[in-house]
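Throughout, a chain's letter reflects where its sequence line sits, starting with A, and its residues are numbered from 1.
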Amino acid sequence: MPHTHETGAPARPPVDALLSYPQFLWKALGVATDGGLMFYAWMTALTAVFLVGVNAYTWQLVHGQGVTAMTDHVSWGMYIGNFTYAVGLAAGAVMMVIPAYLYKDRETHDVVIVGEILAIAAIVVAIGFVSVDLGRPDKLWHMTPWIGRMNWPSSMLTWDVVVLTVYLLINLHVVGYLLYMRFLGRSPNPKWYLPFVFVSIFWAVSIHSVTAFLYSGLGGRPFWNTAILAPRFIATAFVAGPAFIVIALQVVRRLTSFHVGDGAIRTLISILRVTMVLNLFLVGSELFTEFYTGGNHTASAQYLYFGLHGKNALVPWIWSALTMNVLATILLHVSSAHTHLWRIDIACALALLGIWIEKGIGLIVPGFVPSTLHEIVEYLPNQIEWKISLGVWALGLIVFTLGLKLAVAVFTNEMRVEPSKRNS
Amino acid sequence: MPEISRRTVLKGAGAMLGAAAFARAVAPASAWVANLSVDEFLQRHYKELSRDEMAAVLARLEAETEEKYGVRVQIQDVRPQPGVQFGYALNLSICIGCRKCAEACQIENNHDRRTNNSYIRVLEMQKGSLDLERGTAIYEHAVPQPDKFYMPVQCHQCDNAPCVKVCPVDATWKESDGIVVVDYNWCIGCRYCEAACPYHARRFNWTAPEIRGEEINPDQSYLSNRVRPQGVMEKCTFCLHRIRKGRLPACLEVCPTGARVFGNLLDPDSEIRWVLANKRVFVLKEELGTRPRFFYFFDK
Ligand code: SF4
């Protein structure tokens, strides 16, 4: 994980902290490439999927995005859908930060780093998906402030790029600083990370609201042009983030010596019980408004849920999503973390998948169907898009795994500064 | 000791394998990289180019077209004239839906032939309804059908253009004579503008356009009909390479019914002003507040 912010951080004595940094990086490299058979198998598999994605992407780069299933009618698809979902995952991670820091839940505080690492990995995924969606990635520099020609503040996309980058930097700083201090065997100085943590809470909401505004600001697309979009984005984010972490925490507990208390998991489950119901409520409000009002504005929702003029490619998707979300909500409410943790895990997996559909393909594609001239051209991702998308997710999981590995090594004192250097 | 070295050797081997696999995976990109030119990569935004720089860019683009398509073309940078605001109106009472305008657009603007691209889509609409839902762009029968009317849609050159508002890099903007243009060399291909446009007026170059050298219209301009690169957005410019030199748009010239009226909105004696003052005029999706420069009207 590249980060340099915290090197200039609390220095007592300052020289020491600076001099040990290369050692930290070197040891981190060791930890990242060292592990048991399981670890190697997992990383090899991820790398293989990633490379398949890279290969498909180069194909797309050479031949143009005509190799995807997108058209002038449905001009965003799988990539932008996944982008939206990944931003939600990143924002949802904050649901761990809030109990840990605002409500001082000790057990959550002990493992909050998992949430912060998830935020980093998810932002990497989000940026990956916007990048593979660009027709001219070679011109990306046009968006850099001052050097290029950023259309700020008019374009919501420039806002999104700014808030996502800052969110990434904040989380890199917090994670990097905490790990490094631990590595040095010092207690972290709250001055150097607490303000960032609080900013990150506010920032998490901002990244996902701005992402919603990308779509909801477009008057020509009635399906997106609704004020409920941003609240819905936040609600789904606060389901997806905690759901992912609940599963991740149990994996960490099983496979490493890192102590994960039940308390953290229970806190997340309580959050999920609320956010999932909230999400269903918002879905219901939207469906009511769409279908009770009727008229042309309902055409996209009609297409999504029931098909329009015999075209119904998304109908099985959205009903699966809805079923999964409802099932997950029920399961979560009738299961106890003490006795039936596995049921909770199934609920989390269902919610993750349900929201992935609802907020990915299920949100982006109906925005374009019917088109602004009311033509109905359908879209489902093709093989190239699947390969590239899986590749981007594999990259995210690689980042997440390595981040966790490093954190566990530092927190379990497996990775520590050499004493001779510390006192020099 | 031997244990450690074995592990290190294995790690090294793994790293090398990974690197080799990566090299293989990206191998096809070499063709793409070979096509990148440093000048193209570093080219500044249209509005930041001096006259000399622009001349160099135009020469480079002409050479590229000749190399790729084997034809000599002339690419000019035709600027707006002062005191001119373009407007376009279309008479729905007499348009017969023959789609000659769409064809002319394809030829004039050097569109991709494989996808039969054009900036104009003609909708066949149900008489008695302006509901787009009841129209279709796909019809193959003889025209005009008695119970239908025909509504060609192209870029409306909105005064409050959503596409301009959303572009993250200012690659698309409104010129002083009202035409919305794209700098094809500055666009990053994010397609945000295509999502924002309420009139389906923008087209993306999903692949490099396919067009035979002898079909290329050699009279080109930087901001309009030059052959576009792969991966960027394009759109109707009312044929600005023609109108800024006092000619009419290609779609108007070819229209057999005279349904199309084009002119300078600032000229009180122009036909377009007469239409706006005397006909029942409307704009499409007025409720969106886009303020189009493209008007529809009925005779009776
Ligand atoms: S596709 Fe090009 S012109 Fe359109 S918004 Fe993106 S950068 Fe701007």
Interface residue of largest heavy-atom contact number with chain B, from A/Val74, A/Thr68, A/Thr71, A/Val54, under 4.5 Å: A/Thr71
Heavy-atom pair with the smallest gap, counting every atom of A/Tyr79 and A/Ile388: OH-CD1, 3.2 Å
Given the options B/Glu287, B/Arg203, B/Met233, B/His200, which has more heavy-atom pairs under 4.5 Å with chain A than any of the others? B/His200
Quick check on B/Leu10 against chain A: is it the side chain, the backbone, both or neither that has a heavy atom closer than 4.5 Å? neither
Side chain, backbone, both or neither: which part of A/Gln65 has an atom under 4.5 Å from a heavy atom of chain B? both
What class does the angle between the rings of B/Tyr199 and B/His156 fall in, given that below 30° is parallel, 30 to 60° is tilted and above 60° is perpendicular? tilted
Given a strict heavy-atom distance threshold of 4.5 Å, which part of B/Val164 is in contact with chain A: side chain, backbone, both, or neither? backbone
With only heavy atoms counted, which part of B/Pro162 is less than 4.5 Å from chain A, the side chain, the backbone, both or neither? neither
Please look at B/His45 and chain A and tell me whether the side chain, the backbone, both or neither of the residue comes under 4.5 angstrom of a heavy atom of that chain. side chain
For the residue pair B/Arg24 and B/Phe22, would you count it as a cation-pi contact if the rule is NZ or CZ under 6.0 angstrom from the ring centre and within 45 degrees of the ring axis? no
Side chain from CB out, backbone as N, CA, C, O: work out which of these in B/Leu36 comes under 4.5 Å of a heavy atom of chain A, or both, or neither. side chain
Under a 4.5 Å heavy-atom cut-off, does chain A meet the side chain of B/Asn205, its backbone, both or neither? neither
Answer yes or no: is there a donor N or O on one side and an acceptor on the other, between the side chain of A/Asn382 and the main chain of A/Val67, under 3.5 Å? yes
Just give me the residue among B/Gly289, B/Gly14, B/Ala195 that pairs up with chain A most often, heavy atom to heavy atom, under 4.5 Å. B/Ala195
Would you mind telling me which of B/Asn117, B/Asn185, B/Val169, B/Leu284 has the largest number of heavy-atom pairs within less than 4.5 Å of chain A? B/Val169
Cut-off 4.5 Å, heavy atoms of chain B, and the answer for A/Leu218 is side chain
Is it the backbone or the side chain of A/His63 that comes under 4.5 Å from a heavy atom of chain B, or both, or neither? backbone
What residue in B/Pro168, B/Ala171, B/Gly189 has the most heavy-atom pairs under 4.5 Å with chain A? B/Pro168
Stacked cation flag B/Lys235 on B/Tyr119, 6.0 angstrom / 45 deg: no
Do A/Asn82 and A/Trp393 come close enough that some side-chain heavy atom pair is under 4.5 Å? yes
Donor on one side chain, acceptor on other, B/Tyr46 and B/Asp77, under 3.5 Å: yes
Examine whether an atom of B/Val153 lies under 4.5 Å from a heavy atom of chain A, and if so say whether it belongs to the side chain, the backbone or both; otherwise answer neither. side chain
Would the B/Tyr150 and B/Tyr139 ring centres measure less than 6.0 Å apart? yes
When the 4.5 angstrom heavy-atom criterion is applied to A/Arg221 and chain B, the contacting part is side chain
Give, as side chain, backbone, both or neither, the part of B/Phe204 having an atom under 4.5 angstrom from any heavy atom of chain A. both
Taking atom CD of B/Gln145 as the centre, report whether more than 12 heavy atoms of other residues, nucleotides or ligands fall under 6.0 Å from it. yes
Side chain, backbone, both or neither: which part of B/Leu288 has a non-hydrogen atom closer than 4.5 Å to chain A? side chain
Under 4.0 Å between a Lys/Arg side-chain N and an Asp/Glu carboxylate O for A/Glu378 and A/Lys311? no
side-chain hydrogen bond (donor to acceptor under 3.5 Å, both in side chains), paired with B/Thr172, selected from B/Glu234, B/Arg202, B/Lys165: B/Arg202
Check each atom of B/Lys11 against the heavy atoms of chain A and say whether the ones under 4.5 Å are side chain, backbone, both or neither. side chain
If you tally heavy-atom pairs under 4.5 Å against chain B, which of A/Leu373, A/Leu140, A/Thr47, A/Leu51 wins? A/Leu373
Any donor-acceptor N/O pair, A/Ser155 side chain to B/Val166 backbone, under 3.5 Å: yes
